Each structure stands twice: as C-alpha cells, then as structure tokens.
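Below you'll find the structure, written out as structure tokens, and then a few comments.
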2 protein chains.
Amino acid sequence: MLQTRHFQQNALLGLLPEKELEHLLPHLEEVSLTLGQSLSESGRHMSHVYFPLDAIVSLLCVMENGDSTEIAVVGHEGLVGVSQFMGGETTLTSAIVQSAGQAYRLKSHLLKREFDRAGTMQRLLLRYTQALLTQMAQTAVCNRHHSLDQQLCRWLLLSLDRLPGNELIMTQELIANMLGVRREGVTESAGKLQKAGLISYNRGHITVLDRQGLEDRVCECYAGVKNEYDRLLKYPAVTVAC
Amino acid sequence: MLQTRHFQQNALLGLLPEKELEHLLPHLEEVSLTLGQSLSESGRHMSHVYFPLDAIVSLLCVMENGDSTEIAVVGHEGLVGVSQFMGGETTLTSAIVQSAGQAYRLKSHLLKREFDRAGTMQRLLLRYTQALLTQMAQTAVCNRHHSLDQQLCRWLLLSLDRLPGNELIMTQELIANMLGVRREGVTESAGKLQKAGLISYNRGHITVLDRQGLEDRVCECYAGVKNEYDRLLKYPAVTVAC
DNA sequence: AAAACTCTGTACGCTATCGCACATAAGGTA
DNA sequence: TACCTTATGTGCGATAGCGTACAGAGTTTT
C-alpha cells in the first residue's frame, strides 16, 4: 500500500527518515488542487499545510486595488504554510494554485507538533524557509532591474523545474497576474519567445520546446535561486562543520 | 553594571525572560557600526550576528553588474543573521549599515546554541523571521506597483521607526542604491517632499518635519508591514490558542 | 448553426523612469 | 583665499511598460 503512494515525490517528505515519516503517514491526505484554488488568504487561518507533488502553488502579495505580484513559487521541493510552524499562524500573502495537480495535505497543528520535536523535520523546514527567503529576495530585485522578457524566462524555468513534463496549462492573463504586469505585455514577450522557437502556445497551453534557449536568455536571478535551493535542500540532514 | 547596558533597547533581547538572557549576557559585545559597513556578504560565513540598538541595517540583494535593491531593513526590533539559526549558514543577501549606531553582537554559534534550546528565544527568532518574510514580500510588490514618491515615503518611515530622533544621515545617492533607482529620481521625489514641507535636507542630512504628512502619502505597504511586525513581536511569548 | 465567451494579437498615445550631460552649491583642504 | 571633492539640481531624449480600445480566432453554450 505504501508503494502506491509517493511521498518521495515531495522533497521534504522524501528526505525524512522513515521513523519521522511514520509520525505523519497516518495523517497525510492526498488531494487534487485545481487551477486557481486558494490555499491561503491574507490574515486567514490555514487549517492545513500542503506538500505539492506535481501541483505548483504561487505565493502572491495582493494589494487593496487587486494588483498582485508573485513573490515565490512552491512545488514538489517544498510546502505551503511556513507560517504554521514559524509561530505567526497567519500571513499576509495568498497562496494560489498555479498549476493543477496532486498534493498531500496535513493538519497544521500536526506539522507544528512534528516541528517541535526538533528532529530532521525541523531542520528541513527551517532550511526550506531560508530557501524561500532567498527566492523572495531575488524576485524582488528581479522585479526592479530586469526586463519583462527576462522575467518571463525566469518564471517559465521556475515552473518547468516543478512540472513533470514540458507543458504548462496557463493563460497569458494569469502569467500577467503572477508577474504583476499587463496581459498585453506578456503577449508581446511570449510572442518573442515563440518566434525564437523556444516555446509554443495556444489558448492556455504553453509548451517549452527549447529549455536551453530559455536558460540562455534568463537573468542571473534564476541560477542564483536554483543553486541556493540545491545547496540548502540537497543534503540538508547533514550538519555542516563550523 | 547591568543598568549601564541597555539590552531592552533591542526588542528581541528585551522580550527574553531573565533566565534566558543570562545565557547570552556574558557573550554580548557592544559594537559601533559605521555607515556603509558590511556585516554580511553574499555566500560568506558570518562569524557574528548583530542585534541593532540605534543602528539600522539594510538587507540588500546585489546583482553582478552592481545594481542593488534593499529587500528589508533591520533595526532595534530585530537581528541581522537569520541564516545562522535557520541552518543555511550563508545567504545571498548582503547586510550594509544604513545608519551608524550601536549594536550588540554575538558569536553565531552561541545564538544557534540558544536557538536549539527551544525556549523563548527560538519562538522569538522564528516569529521575527516570519515578520522579515512579510517585509520582503511587501517590498517586492511595492517595487512593482508603486511610484518612487510612495516608495521614498515608505523608506523614510521605515527608517524613522528605527531611529531615536527624526534626522537621517543619508545621501540621496545611498537612498537610490537602497531603492534600486537613479540618484536623480530620488532628488526629484525628495524635492517634492521638501516643497510640501514634509522633510528638509541638505548634504546628507534629512530631517523629517511632518511624519503625519509622510503617512498620508505612503502606500498601504507601510502599514501592512508595521501591523504585522506588531502582531508578531508585541507579545510573541504568548502562544495563541487554536 | 448561432451566439456568447475566452484567449490572443495589435495599435496608439501616455507616463514614469532611465541614461547621460552639466550646472550649481556646500564643505573640506591646501 | 583658492581649490577640490562631494552632494544636489536640472534638462534633455530614449524607452519600457501602462491604459485603452478593438479585432480576430478558438471554445463553449444554446
């Protein structure tokens, strides 16, 4: 029965030693996340945290007038709901499903309980949170200094890294909301990428044809964040000597 | 002797119960931080963490070409060096002293040791880190959607909240580096604020004359972050019931 | 099959900010 | 005092992205 489930598809769960995983196993519940579903809203309590498998979740900051910007993206490498173990209970950022798929969910207080055991899970979650900090910082600087073209490449690559295949179900309108720009701006930038043969899309389906081409165009922000995720989460159980 | 020092001027230290503070007292060392001093550089190990008293430290993300953006600011409400207890050891962001002043410093491994005791200090540090996450997120969205005028107001208010008086020692050039914009842009925005009678400045000295006026002009980002800091750090030792 | 809706493409003037070039002013130094 | 350095003011043209409007193409509903 255990084999039919796939905990190891989520990096955090996959890195847990069996003993700790057993604490959580009975309480992990596989759920389907649908495009656009909201997992967390500004200031609202979250009953569950989510460990994405093939789903992707965007952390968004939404302004009073509805303008929004994605500040980080969460896929199979992480979890949605860090405020549940950081002690704040709620957070100002919203979490919206950007790519439909499966996730495990766990009652928030159970994650908190496991966190407070101060075992591997705590170490993992803290390092993951630091990776998230890095991603947010780099996103902020990228917003400020880089062109929409480059930001779109970064966004596509971040999504691609969290998807099983090379196709995204995503309209230009939604990408625009994520990047905090106009839909027409995305149309134009995406048009350039399509003309260059890097992607092909129609009506909400984007297929990446040339990943290397995207990497050639993307700004340094992508690699910086990716390296930091690898560093922090690849062998996180090992304590680094001072 | 203890009275001559002023731990309570730093919110995190001030909120510690006496018993926990005693662990750290012998190791806290008061230091002067000078304008422009670097406390942390991308990917470099930090030997100490810093608890600012009246100093202000900016967390910056610096690009390869030298462009930079401030992603958060740290004053007497927090500490510089969250990566030291989050487990990552290093971080991609730099920490630069934005306003000279005093701080306590503590050897990183001693903070980590105290963190691992899982007492009040851990709770405080985690909640502080969440507040930092919030500030970074809001900064990112503000960068994207708000005018330089508003961002300058936000920046001035954030600085003011962390200063004992109402005067900043800070050239427009440095503010421009923090906000990730041109120096000329700051000149223009600051000129508007001066004409409106909200601030007065000359050659690196900015005096805030009308704080309320700044609050009237600032975007929602300022209040959002401030409220979240208050919520997370005002009575952080109290566990919220589920 | 027709209608309604959604997604994408395109155009055009507008604005904030950029990049650059210089001018002015204020302090520090010789 | 004269000089030099640093900080600030200003004036361009260039440009990226915005807001708006609308057209076409694909999809769903009726």
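Treat the numbers as computed from the prediction; the structure is a model and nothing was measured. Letters A, B, ... mirror the listed sequences (proteins, then strands); counts begin at 1.
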Measure the distance from [atom1] on [X] to [atom2] on [N] and round it to the nearest whole Å.
{"X": "B:R183", "N": "C:dT17", "atom1": "CZ", "atom2": "C1'", "value": "14 Å"}
{"X": "A:R182", "N": "C:dC12", "atom1": "CZ", "atom2": "P", "value": "14 Å"}
{"X": "A:L179", "N": "D:dA16", "atom1": "CG", "atom2": "P", "value": "17 Å"}
{"X": "B:N177", "N": "C:dC18", "atom1": "CG", "atom2": "P", "value": "12 Å"}

Check against side chain to side chain donor-acceptor pair (under 3.5 Å), B:D161 and B:Y222: CA-CA 11 Å; B:D161 289 342; B:Y222 170 69; 2.5 Å; yes
B:T90 and A:R231: CA distance, side-chain angles, deciding distance, side chain to side chain donor-acceptor pair (under 3.5 Å) verdict: CA-CA 10 Å; B:T90 63; A:R231 180 180 80 83; 3.0 Å; yes
Residue pair B:S189, B:D149: steps toward the side chain to side chain donor-acceptor pair (under 3.5 Å) verdict: CA-CA 5 Å; B:S189 285; B:D149 288 13; 2.5 Å; yes
Side chain to side chain donor-acceptor pair (under 3.5 Å) involving B:Q212 - partner list, sequence neighbours excluded: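 Here the qualifying residues are B:D216.
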Interface with DNA chain C, restricted to residues 188-205 of chain A and to heavy atoms under 4.0 Å: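 Contacts with DNA chain C under 4.0 Å: A:Y201, A:R203, A:G204.
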Side-chain N or O of A:Q172 closer than 4.0 Å to phosphate OP1/OP2 of C:dT6: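 So the side-chain polar atoms of A:Q172 never come under 4.0 Å of the phosphate oxygens OP1 or OP2 of C:dT6.
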Residue-level proximity of residues 137-153 of chain A to DNA chain D when a heavy atom falls under 4.0 Å: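 Heavy-atom cutoff 4.0 Å gives A:S147, A:L148.
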Scan the side chains in residues 198-209 of chain A for donor-acceptor partners under 3.5 Å anywhere in the protein, sequence neighbours excluded, and list what turns up.
{"unit_1": "A:Y201", "atom_1": "OH", "unit_2": "A:Q172", "atom_2": "NE2", "d": "3.3"}
{"unit_1": "A:H205", "atom_1": "ND1", "unit_2": "A:E167", "atom_2": "OE2", "d": "2.7"}

Please table the atom pairs, donor to acceptor, closer than 3.5 Å between any side-chain atom in residues 52-64 of chain A and protein atoms at least two apart or in another chain.
{"unit_1": "A:D54", "atom_1": "OD1", "unit_2": "A:Q102", "atom_2": "N", "d": "2.6"}
{"unit_1": "A:S58", "atom_1": "OG", "unit_2": "A:E70", "atom_2": "OE1", "d": "2.6"}
{"unit_1": "A:S58", "atom_1": "OG", "unit_2": "A:Q98", "atom_2": "NE2", "d": "2.6"}

Distance-only donor-acceptor test, B:E184 side-chain atoms vs C:dC18 base atoms, 3.5 Å: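 There is none.
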Partner set under salt bridge (charged side-chain N to carboxylate O under 4.0 Å, His left out) for B:E215, not counting sequence neighbours: B:R211
Options C:dC7, C:dC18, D:dC18, nucleotide nearest the side-chain atoms of A:T171: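 Nearest listed nucleotide: C:dC7.
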With B:Y229, the side-chain hydrogen bond (donor to acceptor under 3.5 Å, both in side chains) member among B:Q130, B:Q135, B:E77, B:R127: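 One option only clears the test, and that one is B:Q135.
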